There are 2 protein chains.
Amino acid sequence: MYSLAEENYLKAIYHLEQEAKGEVSTNAIADRMATKPSSVTDMIQKLADKKLLSYKRYKGALLTPEGRKIAAGVIRKHRLWEVFLVEKLDFHWDEVHEIAEQLEHVHSEKLISRLDQFLGNPDFDPHGDPIPDKHGNIKRTEKKLLSELDKKQRGVCVGVKESSSDFLQYLDKKKITIGTKILVLGKEFFDGSMVIQVGRDQFFISKKIAENLYVQTN
Amino acid sequence: MYSLAEENYLKAIYHLEQEAKGEVSTNAIADRMATKPSSVTDMIQKLADKKLLSYKRYKGALLTPEGRKIAAGVIRKHRLWEVFLVEKLDFHWDEVHEIAEQLEHVHSEKLISRLDQFLGNPDFDPHGDPIPDKHGNIKRTEKKLLSELDKKQRGVCVGVKESSSDFLQYLDKKKITIGTKILVLGKEFFDGSMVIQVGRDQFFISKKIAENLYVQTN
DNA sequence: ACCTATTTTTCGTCTTGGCTAAAAATATTA
DNA sequence: TAATATTTTTAGCCAAGACGAAAAATAGGT
């Protein structure tokens, strides 16, 4: 059984590995966890002793398969609880993160498998992020950023890159959610802005919006 | 926001106050929490500083209204989560305690009020214990021990005193659960044993069983 | 290659919540 | 009431996880 602090470090390192592909630096971990580099060094040495990651002084950290499995387990729990909060307790998708941060540390294999079943074995969380299975494997989809689409292409919203409250509320206002179909009506190459169609509405979106919305094209 | 340790102390003291009516001794708290008296002294001094309980050296502890409110809040969460586990995730009532011990420390007012609503605002947990409302008030029922009933009296099972796994499994085997109607067919004054009727079955129960089963008579 | 800036680590310290051993207060019993 | 037993507190210590300051290693620029 791993401590809350250990689980949070593993999770953060897991995410940083995905984003950066390769060793994760002490500073990067400190930034993401809002802690100090010296604290990070302490902890990654401890996690290295426990064989959850490999670490050479000054060279950054890389999760071992065991460490990765534990991190994926925490992320699995986090995302399942988010589904629960949104689907069953009618929370809005921009208010579930903090609560899931707490729920993800409840230890019970049986609880999480029952929860998974209760929710209908969902593959994605309310933000469109994939939920690892009990072995830590993730079903990856071919998703791209809306900004990568060209004029007249269609896509289905499957997630967001940024998930700040402001951004999620913007999407809500525009009636964009997971599963929403989007058609690109026009694209301005000068500033990357677009005009898109959502349902019967047509409107303008900035490059910044388009670069933070994942869509699936089929 | 109170720490996990603080919440657990408050909860333990709350329960001991109910059972013993009056100041709670250092040793009693240490026993219940499987910790040492010296640790208890440290913590109750800390809680007294925070005005969550009143404490005079060598005289035991008594919760303040504020401390009692917090304790009741933790118990409310514990019991609501137990209902969730049994009603929604099909857990057996003898396996939910440990999980609820973890879930009860998740902090979110909104979560717990939504959960309450989702569960249909239950008044009792799966063991028949009352669930405090959001203000910490408990709806007490006139429950008595089965052992207090006389021959030919009827009662409805509303809870258990002991909730050991062995006992709960015994009840399960005998098809006794919350809401089960019980008729006392005979009572032996020599050893306190009884013959009771449950549904179409009639069987013998020992004094020990009868003293650990709460019933409501009406 | 050298000097400087940045990153990372080490070291000593802090807080929380435990513990043991010993001292102090209270309770009990002769 | 005096002696003893029990309970409670105090004091010093430990581990986890965080911090800042200073030292060490690496990276960059010339």
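Chain naming here is simple, since letters A, B, ... match the order of the sequence lines and numbering starts at 1 in each. Computed from a predicted structure; not experimentally measured.
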Between the side chains of A:Asp166 and A:Ser164, does any donor sit under 3.5 Å from an acceptor? no
Does NZ or CZ of B:Lys88 fall inside the cone over A:Phe84's six-membered ring, less than 6.0 Å from its centre and within 45° of the axis? no
For C:dT10, take OP1 and OP2 only and decide whether either is under 4.0 Å from a side-chain N or O of A:Gln45. yes
For the side chain of A:Thr41, counting heavy atoms from C-beta on, which of C:dT8, D:dT10, C:dC19 is nearest? C:dT8
Could you check whether A:Lys110 pairs with B:Glu98 (Lys NZ or Arg NE/NH1/NH2 to Asp/Glu carboxylate O, under 4.0 Å)? no
Whole-Å distance, A:Tyr58 OH to C:dT10 P, equals 7 Å
Check whether any side-chain N or O of B:Ser38 sits under 4.0 Å from OP1 or OP2 of C:dT20, and answer yes or no. no
Which nucleotide in C:dT9, C:dT10, C:dC19 has an atom nearest any side-chain atom of A:Asp42: C:dT10
Looking only at side-chain N and O atoms, does A:Asn27 come under 4.0 Å of OP1 or OP2 in C:dT6? no
How long is the line joining CG of B:Leu47 and P of C:dG18, in whole Å? 11 Å
C:dG18 P sits how many Å from B:Ile44 CD1, rounded? 13 Å
Among side-chain atoms of B:His78 and B:Asp125, is any donor-acceptor pair under 3.5 angstrom? no
Compare side-chain N and O positions of A:Arg57 against OP1 and OP2 of C:dT10 and report whether any pair is under 4.0 Å apart. yes
